[in-house]
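In each ligand, atom 1 is the first atom listed, and ligand 1 is the first ligand listed. These figures come from a predicted structure and were not determined experimentally.
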Amino acid sequence: MKEIQIITSAHEMKNFAAECKAQRKTIGFVPTMGALHIGHISLINSSVKNCDVTVVSIFVNPTQFNNPDDLKKYPRTFDTDKAMLETTACDVIFFPSINEMYPDGLITTQLDLQGLDKVMEGEHRPGHFAGVVTIVKSLFEIVNPDVAFFGEKDFQQLAIIKYMTHAFNMPVEIMPCHTVREEDGLAFSSRNIHLTPDERKDAPLIYDTISQCRNKKLTMTVYEVKAWATNRINSSPYLKVEYIEFVNSKTLQPLNNWDECEEQRVCTAVTVSKTRLIDNTVL
Ligand code: PAF
């Protein structure tokens, strides 16, 4: 088993990154909020394959939670996470405190994200993306990665981070990674552990339904497919669609007609009791 270096101070992390750069080693970075699962491991494996050194951060970022209950119940499982990381070829865990990441208090940076943050998650979770860009920008400044790995499950987050790095000329490449799914199609998520056995049994209906939209769009309008998909997911007594949108994959703006653009995506958020699951797929 591999001994992983754990770094908790931003200063020490910056020094480590500077040493890597001096030795001309590339740094791959996987930012996480812990509660690691196979989806994270696949991001880490991509980093290990593509970069000389892999850094994984574990930080539950308070400013991206618009719901205080969600923040309180977010799983914090450092020991299990560390054990899981020891089975990978990850080199460093960056595990900072809140004070280390927010020395001046929980202030967020407001960036103009060209409307990417105004739809879907942005509309339903006010302030969420301001929190995400604030922390990712700080983490990039501290870890100084050459490549950062993000899952497509958080498709809107991925689009926003790509835009942010482009707009600020950040010297980091954003590498998108496919969503990893359970055998029945449910996307791996740190939140899945909150599902009861009955809820877990119905949850695959989410991916099954959004996947079928690809065929439905051949014969139905945008509004008809939306109504069909919403009703199908809501037919489970445990699932409630918060939104389902068919969007332009580049601008994330909702479509009114299928011929508006070439690259399209269906994105959804579904509540299962107090748990909120998101998923998306290409159309
Ligand atoms: O996707 C996540 O886990 C978080 O949003 C991230 C990117 C680690 C920022 O806190």
Cut-off 3.5 Å, no hydrogens considered: what does the side-chain donor-acceptor table look like for residues 266-274, sequence neighbours left out?
unit_1, atom_1, unit_2, atom_2, d
Thr268, OG1, Tyr243, O, 2.8
Thr271, OG1, Lys240, O, 3.3
Ser273, OG, Glu199, OE2, 2.5

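Seen from the ring of Phe168, Lys137 counts as a face-on cation partner, given the 6.0 Å and 45° thresholds.
Partner of Gln110 under the side chain to side chain contact (heavy atoms under 4.5 Å, CB included) criterion, chosen from Thr108, Asp112, Ile107: Thr108.
Panel note: side chain Gln156, backbone Leu116; a donor-acceptor pair is recorded below 3.5 Å. Side-chain N or O atoms of His128 include one that pairs as donor or acceptor with a backbone N or O of Gln64 at under 3.5 Å.
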For ligand 1, output the ligand-protein N/O contacts shorter than 3.5 angstrom; if there are none, return none.
unit_1, atom_1, unit_2, atom_2, d
ligand 1, 1 (O), Gln157, NE2, 2.9
ligand 1, 5 (O), Gln64, NE2, 2.9
ligand 1, 5 (O), Gln157, OE1, 2.7
ligand 1, 10 (O), Gln64, OE1, 2.6

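Ring geometry, Phe95 versus Phe78: the interplanar angle falls under 30°, so the pair is classed parallel (tilted spans 30 to 60°).
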